[in-house]
Amino acid sequence: MDCLFCKIINGDIPSSKVYEDDKVLAFNDIEPQAPVHILIIPKEHIASAAEINAGNSGLVAHVFEVAAKIAKEKNLDGFRIVNNCGDSAGQTVKHIHFHLMSGREFTWPAG
Ligand code: AMP
Ligand code: ZN
């Protein structure tokens with residue numbers, strides 16, 4: 001499958017790895033929008049949050065568990081987790097991913 005993040009998982013495209021286990025991979029975003037900007041992705045190819053169901057939702061829980069672990073390890077003082085789902089929400093890579101961002105002030109509502 002021609003998926004950028006599957007290629008990163010397979011090691012075909014290099015990444016700056018932050019965390020890995022059997023279910024997820026976390027790596028630094030190539031175009032960081034905050035001092036800390038890490039992408040956390042399930043290793044299973046799921047196109048977007050719109051594809052989450054009873055069979056795979058455990059992976060999302062695990063992503064949040066990993067986010068908390070990374071935040072603790074890096075002593076993050078507050079963080080934002082973002083998921084863009086679909087073109088209108090700004091999703092550019094069609095493999096579900098969660099942006100873990102920290103190290104600056106964030107505004108709300110998000111643009
Ligand atoms: P989204 O716009 O929510 O789909 O997020 C996709 C993210 O992937 C963007 O923040 C990009 O900067 C990031 N990205 C694209 N290519 C790479 C790459 N090769 N390594 C790391 N991050 C990437
Ligand atoms: Zn993929």
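Numbers here simply count residues along the sequence, with the first being 1. All ligand and atom numbering here is 1-based and tracks the order in the structure.
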Ligand-side contact atoms (ligand 1) for residue partner [X], heavy atom cut-off under 4.0 Å:
X: Phe5; answer: 8 (O)
X: Glu31; answer: 12 (O)
X: His97; answer: 1 (P), 3 (O), 4 (O), 5 (O), 6 (C)
X: Val93; answer: 4 (O), 6 (C)

Would you call Lys43-Glu20 a salt bridge at under 4.0 Å N-O?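 A salt bridge is present here (some side-chain N lies under 4.0 Å from a carboxylate O).
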
Any salt bridge between Asp87 and Lys94, counting N to O under 4.0 Å?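 Yes, charged N to carboxylate O under 4.0 Å.
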
Between Val63 and Ile70, is there shared hydrophobic-cluster membership here, with clusters defined by ILVMFWY side-chain heavy atoms closer than 4.5 Å?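 Yes, because Val63 and Ile70 connect within a single hydrophobic cluster, where side-chain heavy atoms sit under 4.5 Å apart.
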
Any nitrogen or oxygen of [X], side chain or backbone, less than 3.5 Å from one on ligand 1?
X: Leu39; answer: no
X: Gln91; answer: no
X: Thr92; answer: yes
X: Leu4; answer: no
X: Phe27; answer: no
X: Asn28; answer: no

Closest to the Zn ion (ligand 2), which N/O/S atom of His95 is it?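 Nearest N/O/S atom: ND1.
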
Which residue owns the protein heavy atom closest to [atom], what's the atom, and how far is it?
atom: atom 17 (C) of ligand 1; result: Ile30 CG2, 3.6 Å
atom: atom 2 (O) of ligand 1; result: Gly90 O, 2.9 Å
atom: atom 12 (O) of ligand 1; result: Asp29 OD1, 2.5 Å

Show the nearest heavy-atom pair for residues Gln91 and Gly86, with the distance to one decimal.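 Shortest heavy-atom contact: OE1-N, 2.8 Å.
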
How does His99 reach ligand 1, if at all, at less than 4.0 Å between non-hydrogen atoms: by side chain, backbone, both, or neither?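 Only the side chain of His99 comes within reach of ligand 1.
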
Below a 4.0 angstrom heavy-atom separation, can you tell me which part of Asn84, side chain or backbone, both or neither, approaches ligand 1?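 Just the side chain.
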
Please determine which of Leu25, Val93, Leu59, Ile46 meets the side chain to side chain contact (heavy atoms under 4.5 Å, CB included) test together with Ile41.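 When Leu25, Val93, Leu59, Ile46 are each tested with Ile41, the side chain to side chain contact (heavy atoms under 4.5 Å, CB included) holds only for Leu25.
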
What do you reckon, is CG of Asn10 surrounded by more than 12 foreign heavy atoms closer than 6.0 Å?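 Check passes, neighbour count above 12.
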
Taking NZ in Lys74 as the centre, count heavy atoms belonging to other residues, nucleotides or ligands within less than 6.0 Å. Is the count above 12?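 For Lys74, atom NZ is not crowded (no more than 12 foreign heavy atoms under 6.0 Å).
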
Measure up the Phe27 and Phe5 rings against each other and bin them: parallel (under 30°), tilted (30 to 60°), perpendicular (over 60°).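 If you compare the ring of Phe27 with that of Phe5, the planes turn out perpendicular.
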
Give a yes/no on ligand 1: does Ser15 have at least one heavy atom closer than 4.0 angstrom to it?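 Per 4.0 Å heavy-atom rule, Ser15 does not contact ligand 1.
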
Does Asp29 use its side chain to pair, donor to acceptor, with the backbone of Leu100 at less than 3.5 Å?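 Pair absent, no side-chain N/O of Asp29 close to backbone of Leu100.
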
Between OG1 on residue Thr92 and CD on residue Glu31, distance to nearest 0.5 Å: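 Reported to 0.5 Å precision, the distance equals 9.0 Å.
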
How wide is the angle at the Zn ion (ligand 2) between SG in Cys6 and ND1 in His45, to the nearest 10°?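 Result: 110°, to 10°.
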
Step-by-step side chain to side chain donor-acceptor pair (under 3.5 Å) determination, Asn84 to His97: CA-CA 8 Å; Asn84 298 322; His97 51 281; 5.5 Å; no

